[in-house]
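Below, each value reflects all heavy atoms present in this structure, side chains not excepted, and no hydrogens, waters or symmetry copies. What you are looking at is a predicted structure, and each value in this text was computed from that prediction instead of being measured.
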Amino acid sequence: MIVLSHVSKSYGDICALDDVTVSVSKGEFVFLVGPSGAGKSTMLQLLYREEVPTEGSVVVDNLNVTRMSRRHVPMLRRKVGVVFQDFKLLDSKTVYENVAFVLQVTGAPAPFIKRRVPQVLNLVGLSDKEKSYPEQLSGGEQQRVSMARAIANSPRIILADEPTGNLDRDSSWKIMRLLAEFNRRGATVLVATHDWPIVDAMQKRVVEIEQGKIVRDDAQGGYSGSVSSDRAIGR
Amino acid sequence: MLKGDIAEVFRLIGRSVAEGLKSIWAHGLMSLASVGTVTVSLLVLAVFLLVAANLSYVADVLESQVEIVAYCNPEFDRQWEGELLDKVESIPGVGEVLFVSREDALDRLREQFGSQADLLSAVEEDNPLRDSIEITVTDPDRIEEVAAGVSEIESIQDVAYPREVVQRLYSVTEALRAAGVALVFLLAAATFLLISNTIRLTIYARRDEIEIMRLVGASAAFIWGPLVVEGLFLGLIGAGLAGAVVSWGYADLINSLQLSLPFLPLLDTEPLMGNLIQLLGIIGAFLGLLSSWFSAQRYVRI
Ligand SMILES: Nc1ncnc2c1ncn2[C@@H]1O[C@H](COP(=O)(O)OP(=O)(O)OP(=O)(O)O)[C@@H](O)[C@H]1O
Ligand SMILES: [Mg+2]
(Lines give C-alpha, C1' and ligand atoms only; values in the text may rest on other atoms or scores of the structure.)
(Ligands and ions follow the chains in the order given, each with its own letter.)
Protein backbone atom coordinates (compact mmCIF):
# COMPACT_ATOMS: atom_id res chain seq x y z
CA MET A 1 0.00 0.00 0.00
CA ILE A 2 2.85 2.35 0.90
CA VAL A 3 6.43 1.84 -0.19
CA LEU A 4 9.30 4.22 0.50
CA SER A 5 12.63 3.15 -0.96
CA HIS A 6 15.89 4.95 -0.23
CA VAL A 7 14.04 8.16 0.40
CA SER A 8 15.98 11.23 1.43
CA LYS A 9 14.59 14.69 1.98
CA SER A 10 16.70 17.76 2.61
CA TYR A 11 15.69 21.33 3.25
CA GLY A 12 18.82 23.17 2.21
CA ASP A 13 21.47 21.93 4.65
CA ILE A 14 18.98 20.21 6.93
CA CYS A 15 18.53 16.53 6.20
CA ALA A 16 15.03 15.67 7.43
CA LEU A 17 15.00 12.10 6.11
CA ASP A 18 18.11 10.09 5.30
CA ASP A 19 17.89 7.00 3.06
CA VAL A 20 14.64 5.68 4.51
CA THR A 21 13.26 2.39 3.22
CA VAL A 22 10.02 1.13 4.69
CA SER A 23 6.79 -0.40 3.50
CA VAL A 24 3.30 -0.61 4.95
CA SER A 25 0.80 -3.20 3.75
CA LYS A 26 -2.87 -2.72 3.16
CA GLY A 27 -4.84 -2.70 6.38
CA GLU A 28 -1.91 -2.09 8.73
CA PHE A 29 -1.92 0.29 11.68
CA VAL A 30 1.45 1.95 12.24
CA PHE A 31 2.70 4.32 14.92
CA LEU A 32 5.50 6.63 13.84
CA VAL A 33 7.50 7.74 16.85
CA GLY A 34 10.73 9.57 17.58
CA PRO A 35 12.04 12.78 19.10
CA SER A 36 11.05 16.19 17.90
CA GLY A 37 12.66 17.04 14.59
CA ALA A 38 13.23 13.38 13.73
CA GLY A 39 11.37 13.62 10.44
CA LYS A 40 7.96 12.12 11.23
CA SER A 41 5.90 14.96 9.75
CA THR A 42 8.20 15.09 6.75
CA MET A 43 7.59 11.41 6.10
CA LEU A 44 3.81 11.83 6.23
CA GLN A 45 4.02 14.90 3.97
CA LEU A 46 5.80 12.84 1.33
CA LEU A 47 2.85 10.44 1.31
CA TYR A 48 0.27 13.05 0.27
CA ARG A 49 2.76 14.94 -1.87
CA GLU A 50 2.87 18.05 0.22
CA GLU A 51 6.60 17.58 -0.22
CA VAL A 52 8.59 15.67 -2.82
CA PRO A 53 11.65 13.62 -1.85
CA THR A 54 15.10 14.84 -2.76
CA GLU A 55 16.05 11.26 -3.57
CA GLY A 56 14.38 7.85 -3.69
CA SER A 57 10.88 6.85 -4.61
CA VAL A 58 7.51 6.99 -2.86
CA VAL A 59 4.66 4.75 -3.99
CA VAL A 60 1.20 5.11 -2.46
CA ASP A 61 -1.60 2.74 -3.47
CA ASN A 62 0.24 1.92 -6.71
CA LEU A 63 0.70 5.59 -7.56
CA ASN A 64 4.27 6.73 -8.00
CA VAL A 65 4.15 9.92 -5.99
CA THR A 66 7.65 10.98 -6.90
CA ARG A 67 7.04 11.10 -10.61
CA MET A 68 3.42 12.17 -10.44
CA SER A 69 2.43 15.19 -12.53
CA ARG A 70 0.68 18.07 -10.82
CA ARG A 71 -2.56 17.22 -12.54
CA HIS A 72 -2.74 13.86 -10.79
CA VAL A 73 -2.05 15.08 -7.28
CA PRO A 74 -5.79 15.53 -6.48
CA MET A 75 -6.38 11.88 -7.36
CA LEU A 76 -3.72 10.86 -4.82
CA ARG A 77 -5.14 13.16 -2.16
CA ARG A 78 -8.60 11.65 -2.52
CA LYS A 79 -7.13 8.32 -1.54
CA VAL A 80 -5.48 9.78 1.53
CA GLY A 81 -7.28 11.34 4.48
CA VAL A 82 -5.14 13.56 6.69
CA VAL A 83 -5.71 14.56 10.32
CA PHE A 84 -3.68 17.33 11.96
CA GLN A 85 -2.78 18.37 15.46
CA ASP A 86 -4.51 21.74 14.91
CA PHE A 87 -7.68 20.25 13.32
CA LYS A 88 -7.77 22.81 10.46
CA LEU A 89 -11.53 23.27 10.69
CA LEU A 90 -13.21 26.23 8.98
CA ASP A 91 -14.51 28.49 11.73
CA SER A 92 -17.21 30.07 9.59
CA LYS A 93 -18.82 26.74 8.77
CA THR A 94 -20.87 24.47 10.99
CA VAL A 95 -19.78 20.93 11.78
CA TYR A 96 -22.07 19.65 9.04
CA GLU A 97 -20.77 22.18 6.53
CA ASN A 98 -17.15 21.42 7.38
CA VAL A 99 -17.66 17.78 6.51
CA ALA A 100 -19.88 18.48 3.51
CA PHE A 101 -17.26 20.91 2.18
CA VAL A 102 -14.72 18.23 1.28
CA LEU A 103 -17.38 16.28 -0.57
CA GLN A 104 -18.54 19.38 -2.44
CA VAL A 105 -15.09 20.41 -3.57
CA THR A 106 -14.28 16.95 -4.80
CA GLY A 107 -17.40 17.03 -6.92
CA ALA A 108 -19.71 14.68 -5.04
CA PRO A 109 -23.40 14.93 -5.99
CA ALA A 110 -25.70 16.64 -3.48
CA PRO A 111 -27.86 13.58 -2.66
CA PHE A 112 -24.73 11.60 -1.81
CA ILE A 113 -23.50 14.40 0.44
CA LYS A 114 -26.84 14.46 2.27
CA ARG A 115 -26.54 10.76 3.01
CA ARG A 116 -22.82 10.65 3.73
CA VAL A 117 -22.34 13.53 6.19
CA PRO A 118 -24.72 12.21 8.89
CA GLN A 119 -23.17 8.79 8.42
CA VAL A 120 -19.62 9.90 9.23
CA LEU A 121 -20.74 12.25 11.99
CA ASN A 122 -22.54 9.32 13.56
CA LEU A 123 -19.37 7.25 13.26
CA VAL A 124 -17.35 9.80 15.26
CA GLY A 125 -20.19 10.25 17.74
CA LEU A 126 -21.13 13.83 16.89
CA SER A 127 -24.58 13.45 15.38
CA ASP A 128 -26.01 15.93 17.86
CA LYS A 129 -23.43 18.64 17.00
CA GLU A 130 -24.23 19.04 13.31
CA LYS A 131 -25.27 22.66 13.66
CA SER A 132 -22.54 23.75 16.06
CA TYR A 133 -19.61 25.89 15.02
CA PRO A 134 -16.08 24.67 15.78
CA GLU A 135 -15.53 27.27 18.50
CA GLN A 136 -18.52 25.88 20.37
CA LEU A 137 -16.84 22.46 20.63
CA SER A 138 -14.16 21.04 22.89
CA GLY A 139 -10.76 20.22 21.44
CA GLY A 140 -11.56 16.51 21.38
CA GLU A 141 -14.84 17.14 19.58
CA GLN A 142 -13.12 19.38 17.05
CA GLN A 143 -10.59 16.67 16.35
CA ARG A 144 -13.39 14.19 15.83
CA VAL A 145 -14.99 16.56 13.32
CA SER A 146 -11.70 16.75 11.47
CA MET A 147 -11.60 12.95 11.49
CA ALA A 148 -15.13 12.75 10.13
CA ARG A 149 -13.94 15.09 7.39
CA ALA A 150 -10.86 12.99 6.70
CA ILE A 151 -12.90 9.83 6.15
CA ALA A 152 -15.84 11.43 4.32
CA ASN A 153 -14.31 10.58 0.96
CA SER A 154 -13.71 6.98 2.11
CA PRO A 155 -9.95 7.21 1.69
CA ARG A 156 -8.01 3.96 1.74
CA ILE A 157 -5.20 5.53 3.73
CA ILE A 158 -5.45 7.74 6.81
CA LEU A 159 -2.51 9.80 7.99
CA ALA A 160 -2.60 11.47 11.39
CA ASP A 161 0.13 13.89 12.48
CA GLU A 162 0.06 14.16 16.27
CA PRO A 163 -3.73 13.96 16.35
CA THR A 164 -3.78 13.98 20.14
CA GLY A 165 -1.08 16.60 20.63
CA ASN A 166 -3.51 19.16 22.02
CA LEU A 167 -5.89 16.87 23.84
CA ASP A 168 -6.44 15.49 27.33
CA ARG A 169 -6.21 11.80 28.19
CA ASP A 170 -9.85 10.87 27.64
CA SER A 171 -10.16 12.70 24.37
CA SER A 172 -6.87 11.26 23.17
CA TRP A 173 -8.11 7.76 23.80
CA LYS A 174 -11.33 8.50 21.93
CA ILE A 175 -9.35 9.68 18.93
CA MET A 176 -7.01 6.71 18.92
CA ARG A 177 -9.90 4.28 19.29
CA LEU A 178 -11.56 5.93 16.31
CA LEU A 179 -8.39 5.57 14.26
CA ALA A 180 -8.29 1.91 15.24
CA GLU A 181 -11.94 1.61 14.27
CA PHE A 182 -11.24 3.10 10.81
CA ASN A 183 -8.40 0.61 10.54
CA ARG A 184 -10.71 -2.26 11.50
CA ARG A 185 -13.01 -1.14 8.67
CA GLY A 186 -10.19 -1.54 6.19
CA ALA A 187 -8.20 1.70 6.11
CA THR A 188 -4.43 1.69 6.31
CA VAL A 189 -3.52 4.04 9.16
CA LEU A 190 -0.27 5.88 9.96
CA VAL A 191 -0.08 7.92 13.14
CA ALA A 192 2.87 10.13 14.07
CA THR A 193 2.70 10.70 17.81
CA HIS A 194 4.51 11.45 21.08
CA ASP A 195 1.63 9.94 23.04
CA TRP A 196 3.65 7.14 24.63
CA PRO A 197 1.05 5.72 27.04
CA ILE A 198 -1.31 5.04 24.20
CA VAL A 199 1.38 3.60 21.95
CA ASP A 200 2.51 1.37 24.79
CA ALA A 201 -1.05 0.27 25.52
CA MET A 202 -2.16 -0.45 21.95
CA GLN A 203 0.76 -2.69 20.99
CA LYS A 204 0.64 -2.00 17.26
CA ARG A 205 3.46 -1.83 14.72
CA VAL A 206 5.88 0.92 15.76
CA VAL A 207 8.40 2.60 13.46
CA GLU A 208 10.89 4.79 15.28
CA ILE A 209 12.81 7.53 13.51
CA GLU A 210 15.78 9.42 14.80
CA GLN A 211 17.59 12.14 12.90
CA GLY A 212 15.95 11.09 9.67
CA LYS A 213 16.80 7.40 9.94
CA ILE A 214 14.66 4.43 10.90
CA VAL A 215 16.17 3.02 14.08
CA ARG A 216 13.47 0.52 15.02
CA ASP A 217 10.56 -1.25 13.36
CA ASP A 218 8.63 -3.53 15.74
CA ALA A 219 5.65 -5.50 14.47
CA GLN A 220 4.08 -5.09 17.91
CA GLY A 221 5.78 -2.70 20.26
CA GLY A 222 5.76 0.17 22.72
CA TYR A 223 6.79 3.79 22.45
CA SER A 224 10.50 3.27 23.11
CA GLY A 225 11.37 -0.37 22.55
CA SER A 226 13.23 -2.24 25.25
CA VAL A 227 14.59 0.77 27.13
CA SER A 228 11.18 1.39 28.55
CA SER A 229 9.88 4.92 28.72
CA ASP A 230 12.99 6.87 29.80
CA ARG A 231 12.91 8.90 26.57
CA ALA A 232 9.28 9.56 27.10
CA ILE A 233 9.86 10.69 30.64
CA GLY A 234 12.54 13.06 29.38
CA ARG A 235 9.91 14.93 27.43
CA MET B 1 -19.61 8.04 -16.74
CA LEU B 2 -19.73 10.81 -19.31
CA LYS B 3 -23.03 11.98 -17.89
CA GLY B 4 -21.42 12.17 -14.46
CA ASP B 5 -18.54 14.19 -15.88
CA ILE B 6 -20.88 16.72 -17.41
CA ALA B 7 -22.77 17.01 -14.15
CA GLU B 8 -19.49 17.65 -12.38
CA VAL B 9 -18.56 20.36 -14.86
CA PHE B 10 -21.89 22.08 -14.24
CA ARG B 11 -21.44 21.83 -10.48
CA LEU B 12 -17.97 23.29 -10.93
CA ILE B 13 -19.23 26.23 -12.97
CA GLY B 14 -22.19 26.85 -10.70
CA ARG B 15 -20.07 26.81 -7.60
CA SER B 16 -17.37 29.00 -9.18
CA VAL B 17 -19.90 31.65 -10.15
CA ALA B 18 -21.61 31.58 -6.76
CA GLU B 19 -18.35 31.72 -4.80
CA GLY B 20 -16.81 34.29 -7.14
CA LEU B 21 -19.75 36.65 -6.75
CA LYS B 22 -19.86 36.11 -3.00
CA SER B 23 -16.21 37.05 -2.84
CA ILE B 24 -16.72 40.25 -4.85
CA TRP B 25 -19.42 41.19 -2.38
CA ALA B 26 -17.32 40.23 0.63
CA HIS B 27 -14.40 42.42 -0.50
CA GLY B 28 -16.61 45.43 -1.05
CA LEU B 29 -14.00 48.15 -0.95
CA MET B 30 -11.25 46.29 -2.74
CA SER B 31 -13.68 45.10 -5.39
CA LEU B 32 -14.89 48.66 -5.81
CA ALA B 33 -11.32 49.84 -6.32
CA SER B 34 -10.73 47.13 -8.92
CA VAL B 35 -13.93 47.85 -10.76
CA GLY B 36 -13.07 51.54 -10.53
CA THR B 37 -9.68 51.12 -12.20
CA VAL B 38 -11.17 48.95 -14.90
CA THR B 39 -13.81 51.61 -15.50
CA VAL B 40 -11.35 54.49 -15.56
CA SER B 41 -8.89 52.64 -17.78
CA LEU B 42 -11.55 51.63 -20.24
CA LEU B 43 -13.08 55.10 -20.15
CA VAL B 44 -9.78 56.68 -21.09
CA LEU B 45 -9.37 54.11 -23.82
CA ALA B 46 -12.87 54.84 -25.06
CA VAL B 47 -12.33 58.60 -25.09
CA PHE B 48 -9.11 58.22 -27.03
CA LEU B 49 -10.70 55.87 -29.49
CA LEU B 50 -13.66 58.19 -29.95
CA VAL B 51 -11.54 61.28 -30.47
CA ALA B 52 -9.24 59.44 -32.84
CA ALA B 53 -12.15 57.95 -34.77
CA ASN B 54 -13.81 61.33 -35.10
CA LEU B 55 -10.62 63.15 -36.02
CA SER B 56 -9.84 60.69 -38.73
CA TYR B 57 -13.43 60.99 -39.89
CA VAL B 58 -13.07 64.77 -39.99
CA ALA B 59 -9.79 64.35 -41.85
CA ASP B 60 -11.45 62.03 -44.33
CA VAL B 61 -14.32 64.42 -44.88
CA LEU B 62 -11.97 67.37 -45.26
CA GLU B 63 -9.75 65.44 -47.56
CA SER B 64 -12.59 64.42 -49.75
CA GLN B 65 -13.62 68.06 -49.90
CA VAL B 66 -10.17 69.31 -50.64
CA GLU B 67 -10.03 70.93 -53.96
CA ILE B 68 -7.33 72.04 -56.23
CA VAL B 69 -7.95 75.46 -57.67
CA ALA B 70 -6.16 76.00 -60.94
CA TYR B 71 -5.99 79.63 -62.12
CA CYS B 72 -5.89 80.30 -65.83
CA ASN B 73 -3.64 82.76 -67.61
CA PRO B 74 -5.21 86.23 -67.75
CA GLU B 75 -5.05 85.93 -71.54
CA PHE B 76 -6.99 82.67 -71.54
CA ASP B 77 -9.53 82.57 -74.33
CA ARG B 78 -12.82 81.09 -73.25
CA GLN B 79 -13.46 79.40 -76.54
CA TRP B 80 -10.97 76.73 -75.39
CA GLU B 81 -12.85 76.09 -72.17
CA GLY B 82 -14.10 72.65 -73.29
CA GLU B 83 -10.68 71.48 -74.42
CA LEU B 84 -9.05 72.71 -71.23
CA LEU B 85 -11.56 70.80 -69.11
CA ASP B 86 -10.99 67.70 -71.20
CA LYS B 87 -7.26 67.97 -70.62
CA VAL B 88 -7.75 68.31 -66.88
CA GLU B 89 -10.17 65.42 -66.72
CA SER B 90 -7.75 63.18 -68.54
CA ILE B 91 -5.25 63.48 -65.67
CA PRO B 92 -5.44 60.32 -63.55
CA GLY B 93 -6.93 60.84 -60.09
CA VAL B 94 -9.11 63.77 -61.07
CA GLY B 95 -12.68 63.59 -59.79
CA GLU B 96 -15.05 66.41 -60.62
CA VAL B 97 -14.13 69.49 -62.54
CA LEU B 98 -15.88 72.84 -62.47
CA PHE B 99 -15.04 75.89 -64.57
CA VAL B 100 -15.53 79.16 -62.69
CA SER B 101 -15.41 82.20 -64.91
CA ARG B 102 -14.03 85.48 -63.53
CA GLU B 103 -17.59 86.87 -63.54
CA ASP B 104 -18.88 83.92 -61.52
CA ALA B 105 -15.99 84.40 -59.11
CA LEU B 106 -16.92 88.03 -58.64
CA ASP B 107 -20.55 87.06 -58.02
CA ARG B 108 -19.44 84.67 -55.33
CA LEU B 109 -17.38 87.40 -53.71
CA ARG B 110 -20.33 89.67 -53.77
CA GLU B 111 -22.44 87.06 -52.07
CA GLN B 112 -19.83 86.54 -49.38
CA PHE B 113 -19.61 90.25 -48.70
CA GLY B 114 -23.39 90.44 -48.43
CA SER B 115 -24.49 93.83 -47.19
CA GLN B 116 -21.00 95.22 -47.59
CA ALA B 117 -20.90 94.42 -51.28
CA ASP B 118 -20.47 98.17 -52.01
CA LEU B 119 -16.86 97.75 -51.07
CA LEU B 120 -16.46 95.82 -54.25
CA SER B 121 -17.65 98.63 -56.46
CA ALA B 122 -14.07 99.74 -56.96
CA VAL B 123 -13.11 96.50 -58.61
CA GLU B 124 -16.29 95.95 -60.52
CA GLU B 125 -15.25 98.26 -63.35
CA ASP B 126 -12.18 96.26 -64.06
CA ASN B 127 -12.53 92.73 -62.66
CA PRO B 128 -9.06 91.64 -61.41
CA LEU B 129 -10.08 88.02 -60.92
CA ARG B 130 -9.08 85.25 -63.23
CA ASP B 131 -10.95 82.34 -64.71
CA SER B 132 -10.32 79.20 -62.65
CA ILE B 133 -11.04 75.49 -62.51
CA GLU B 134 -12.04 73.76 -59.28
CA ILE B 135 -10.88 70.16 -59.26
CA THR B 136 -11.65 67.44 -56.71
CA VAL B 137 -9.50 64.34 -56.49
CA THR B 138 -10.70 60.76 -56.26
CA ASP B 139 -8.03 59.84 -53.72
CA PRO B 140 -6.78 62.47 -51.27
CA ASP B 141 -3.32 60.92 -51.23
CA ARG B 142 -2.83 61.77 -54.89
CA ILE B 143 -3.53 65.43 -54.48
CA GLU B 144 0.06 66.54 -55.07
CA GLU B 145 0.40 64.35 -58.11
CA VAL B 146 -2.80 65.74 -59.60
CA ALA B 147 -1.78 69.30 -58.78
CA ALA B 148 1.55 68.78 -60.52
CA GLY B 149 -0.21 67.36 -63.57
CA VAL B 150 -2.61 70.28 -63.73
CA SER B 151 0.11 72.88 -63.43
CA GLU B 152 1.77 71.51 -66.52
CA ILE B 153 -1.14 72.44 -68.71
CA GLU B 154 -0.16 75.52 -70.78
CA SER B 155 -3.10 77.78 -70.07
CA ILE B 156 -2.82 77.23 -66.33
CA GLN B 157 -0.85 79.92 -64.58
CA ASP B 158 -0.72 78.54 -61.07
CA VAL B 159 -2.31 75.94 -58.82
CA ALA B 160 -3.38 76.15 -55.16
CA TYR B 161 -4.54 73.55 -52.68
CA PRO B 162 -4.65 73.46 -48.88
CA ARG B 163 -2.06 70.79 -48.37
CA GLU B 164 -0.97 71.79 -44.91
CA VAL B 165 -4.30 71.69 -43.11
CA VAL B 166 -4.92 68.15 -44.12
CA GLN B 167 -1.43 66.99 -43.35
CA ARG B 168 -1.48 68.57 -39.94
CA LEU B 169 -4.80 66.98 -39.15
CA TYR B 170 -3.34 63.70 -40.25
CA SER B 171 -0.34 63.93 -37.98
CA VAL B 172 -2.50 65.01 -35.04
CA THR B 173 -4.64 61.93 -35.54
CA GLU B 174 -1.58 59.73 -35.72
CA ALA B 175 -0.02 61.24 -32.60
CA LEU B 176 -3.27 60.91 -30.73
CA ARG B 177 -3.55 57.26 -31.68
CA ALA B 178 0.01 56.57 -30.54
CA ALA B 179 -0.49 58.43 -27.25
CA GLY B 180 -3.78 56.58 -26.76
CA VAL B 181 -2.18 53.21 -27.29
CA ALA B 182 0.69 54.00 -24.91
CA LEU B 183 -1.65 55.31 -22.24
CA VAL B 184 -3.94 52.34 -22.62
CA PHE B 185 -1.03 49.98 -22.05
CA LEU B 186 -0.12 51.84 -18.87
CA LEU B 187 -3.69 51.76 -17.65
CA ALA B 188 -4.03 48.11 -18.56
CA ALA B 189 -0.97 47.40 -16.43
CA ALA B 190 -2.52 49.31 -13.51
CA THR B 191 -5.77 47.42 -13.96
CA PHE B 192 -3.90 44.15 -14.08
CA LEU B 193 -2.13 44.96 -10.82
CA LEU B 194 -5.31 45.97 -9.03
CA ILE B 195 -7.37 42.99 -10.11
CA SER B 196 -4.61 40.51 -9.38
CA ASN B 197 -4.19 42.14 -6.00
CA THR B 198 -7.89 41.79 -5.26
CA ILE B 199 -7.67 38.14 -6.18
CA ARG B 200 -4.63 37.79 -3.99
CA LEU B 201 -6.68 39.23 -1.18
CA THR B 202 -9.36 36.65 -1.84
CA ILE B 203 -6.74 33.94 -1.77
CA TYR B 204 -5.50 35.27 1.53
CA ALA B 205 -9.00 35.54 2.99
CA ARG B 206 -9.75 32.00 1.89
CA ARG B 207 -6.39 30.51 2.68
CA ASP B 208 -7.85 28.02 5.18
CA GLU B 209 -10.51 26.91 2.75
CA ILE B 210 -8.01 26.64 -0.07
CA GLU B 211 -5.67 24.66 2.17
CA ILE B 212 -8.43 22.17 2.95
CA MET B 213 -9.40 21.96 -0.69
CA ARG B 214 -5.84 21.13 -1.66
CA LEU B 215 -5.51 18.54 1.08
CA VAL B 216 -8.69 16.67 0.27
CA GLY B 217 -7.92 16.56 -3.44
CA ALA B 218 -10.07 19.24 -5.02
CA SER B 219 -8.97 19.70 -8.61
CA ALA B 220 -7.10 22.83 -9.67
CA ALA B 221 -10.19 23.87 -11.63
CA PHE B 222 -12.24 23.71 -8.45
CA ILE B 223 -9.80 25.86 -6.53
CA TRP B 224 -9.11 28.35 -9.30
CA GLY B 225 -12.63 28.51 -10.69
CA PRO B 226 -14.08 30.96 -8.15
CA LEU B 227 -10.95 33.12 -8.33
CA VAL B 228 -11.03 33.37 -12.10
CA VAL B 229 -14.76 34.04 -12.09
CA GLU B 230 -14.20 36.82 -9.58
CA GLY B 231 -11.60 38.43 -11.85
CA LEU B 232 -13.80 37.97 -14.90
CA PHE B 233 -16.73 39.67 -13.21
CA LEU B 234 -14.62 42.53 -11.89
CA GLY B 235 -13.45 43.15 -15.46
CA LEU B 236 -16.93 42.85 -16.92
CA ILE B 237 -18.58 45.11 -14.34
CA GLY B 238 -15.89 47.72 -14.93
CA ALA B 239 -16.38 47.46 -18.68
CA GLY B 240 -20.15 47.72 -18.30
CA LEU B 241 -19.84 50.91 -16.26
CA ALA B 242 -17.37 52.41 -18.72
CA GLY B 243 -19.66 51.48 -21.60
CA ALA B 244 -22.66 53.06 -19.91
CA VAL B 245 -20.82 56.29 -19.14
CA VAL B 246 -19.38 56.52 -22.64
CA SER B 247 -22.58 55.87 -24.54
CA TRP B 248 -24.50 58.30 -22.38
CA GLY B 249 -21.76 60.93 -22.63
CA TYR B 250 -21.20 60.58 -26.35
CA ALA B 251 -24.86 60.83 -27.23
CA ASP B 252 -25.05 63.95 -25.10
CA LEU B 253 -21.96 65.45 -26.69
CA ILE B 254 -23.20 64.78 -30.20
CA ASN B 255 -26.51 66.42 -29.42
CA SER B 256 -25.04 69.58 -28.00
CA LEU B 257 -22.28 69.84 -30.62
CA GLN B 258 -24.69 69.43 -33.46
CA LEU B 259 -26.66 72.36 -32.12
CA SER B 260 -23.70 74.68 -31.72
CA LEU B 261 -21.46 73.49 -34.56
CA PRO B 262 -23.79 71.99 -37.14
CA PHE B 263 -21.16 71.87 -39.90
CA LEU B 264 -18.72 69.76 -37.82
CA PRO B 265 -18.72 66.25 -39.19
CA LEU B 266 -19.09 63.73 -36.31
CA LEU B 267 -19.62 60.01 -36.35
CA ASP B 268 -23.13 58.86 -35.46
CA THR B 269 -23.68 56.95 -32.23
CA GLU B 270 -24.51 53.78 -34.15
CA PRO B 271 -22.77 51.56 -35.06
CA LEU B 272 -19.89 53.30 -33.30
CA MET B 273 -21.21 52.77 -29.74
CA GLY B 274 -22.20 49.16 -30.31
CA ASN B 275 -18.72 48.31 -31.52
CA LEU B 276 -17.04 50.32 -28.81
CA ILE B 277 -19.03 48.68 -26.01
CA GLN B 278 -18.27 45.28 -27.44
CA LEU B 279 -14.60 46.13 -27.53
CA LEU B 280 -14.64 47.42 -23.94
CA GLY B 281 -16.40 44.26 -22.80
CA ILE B 282 -13.83 42.05 -24.48
CA ILE B 283 -10.91 44.01 -23.07
CA GLY B 284 -12.46 44.09 -19.58
CA ALA B 285 -13.14 40.36 -19.60
CA PHE B 286 -9.70 39.63 -20.95
CA LEU B 287 -7.95 41.78 -18.34
CA GLY B 288 -10.03 40.23 -15.56
CA LEU B 289 -9.32 36.69 -16.67
CA LEU B 290 -5.65 37.32 -17.26
CA SER B 291 -4.97 38.97 -13.93
CA SER B 292 -6.98 36.54 -11.82
CA TRP B 293 -5.47 33.57 -13.59
CA PHE B 294 -2.06 35.04 -12.94
CA SER B 295 -2.76 35.39 -9.22
CA ALA B 296 -4.30 31.95 -8.92
CA GLN B 297 -1.35 30.44 -10.71
CA ARG B 298 1.12 32.34 -8.66
CA TYR B 299 -0.31 32.23 -5.15
CA VAL B 300 -2.15 28.92 -4.97
CA ARG B 301 0.04 25.88 -4.81
CA ILE B 302 -1.69 22.68 -5.78
N1 LIG C 1 9.51 23.32 5.42
C2 LIG C 1 10.68 23.11 6.03
N3 LIG C 1 11.74 23.90 5.78
C4 LIG C 1 12.94 23.69 6.39
N5 LIG C 1 13.14 22.73 7.27
C6 LIG C 1 12.13 21.91 7.58
C7 LIG C 1 10.85 22.07 6.99
N8 LIG C 1 10.04 21.11 7.49
C9 LIG C 1 10.78 20.40 8.36
N10 LIG C 1 12.03 20.88 8.41
C11 LIG C 1 13.12 20.35 9.23
O12 LIG C 1 13.20 18.95 9.00
C13 LIG C 1 13.45 18.27 10.19
C14 LIG C 1 12.37 17.24 10.44
O15 LIG C 1 11.15 17.92 10.71
P16 LIG C 1 9.78 17.20 10.99
O17 LIG C 1 8.74 18.24 11.06
O18 LIG C 1 9.59 16.12 10.01
O19 LIG C 1 10.04 16.58 12.42
P20 LIG C 1 9.01 15.81 13.35
O21 LIG C 1 9.57 14.47 13.59
O22 LIG C 1 7.63 15.90 12.80
O23 LIG C 1 9.09 16.66 14.67
P24 LIG C 1 7.93 16.99 15.74
O25 LIG C 1 7.80 15.77 16.59
O26 LIG C 1 8.47 18.14 16.52
O27 LIG C 1 6.71 17.30 14.96
C28 LIG C 1 13.55 19.29 11.29
O29 LIG C 1 14.91 19.59 11.51
C30 LIG C 1 12.86 20.51 10.70
O31 LIG C 1 13.43 21.69 11.18
MG1 LIG D 1 5.85 16.86 13.33
Original post:
Taking only residues two or more places apart in sequence or in another chain, which ones pass ring pair (Phe, Tyr, Trp, His ring centres under 6.0 Å) with A/Phe101?
Top reply: none
Anything under 3.5 Å between a donor and an acceptor, one on a side chain of residues 282-294 of chain B, the other on a protein residue two or more places apart or in another chain? List them.
residue, atom, partner, partner atom, Å
B/Ser291, OG, B/Leu287, O, 2.5
B/Ser292, OG, B/Gly288, O, 2.8
B/Ser292, OG, B/Leu289, O, 3.2

Original post:
At a heavy-atom separation under 4.5 Å, does A/Ala108 approach chain B through its side chain, its backbone, both, or neither?
Top reply: backbone
Original post:
In terms of heavy-atom proximity below 4.5 Å to chain B, should A/Pro155 be classed as side chain, backbone, both, or neither?
Top reply: neither
With 3.5 angstrom as the limit, list the donor-acceptor pairs from chain B to chain A, or say none if there aren't any.
residue, atom, partner, partner atom, Å
B/Arg11, NH2, A/Gly107, O, 2.7
B/Arg214, O, A/Arg77, NH1, 3.1
B/Arg214, NH2, A/Glu50, OE1, 2.8
B/Arg214, NH2, A/Glu50, OE2, 3.4
B/Gly217, O, A/Arg78, NE, 2.7
B/Gly217, O, A/Arg78, NH2, 3.0
B/Arg301, NH2, A/Glu50, OE2, 3.0

Original post:
What residue, out of A/Ala110, A/Gly81, A/Gly107, has the most heavy-atom pairs lying under 4.5 Å from chain B?
Top reply: A/Gly107
Let me check something: any side-chain donor-acceptor pairs from residues 239-248 of chain B under 3.5 Å, sequence neighbours excluded? List them with distances.
residue, atom, partner, partner atom, Å
B/Ser247, OG, B/Gly243, O, 2.9
B/Ser247, OG, B/Ala244, O, 3.3

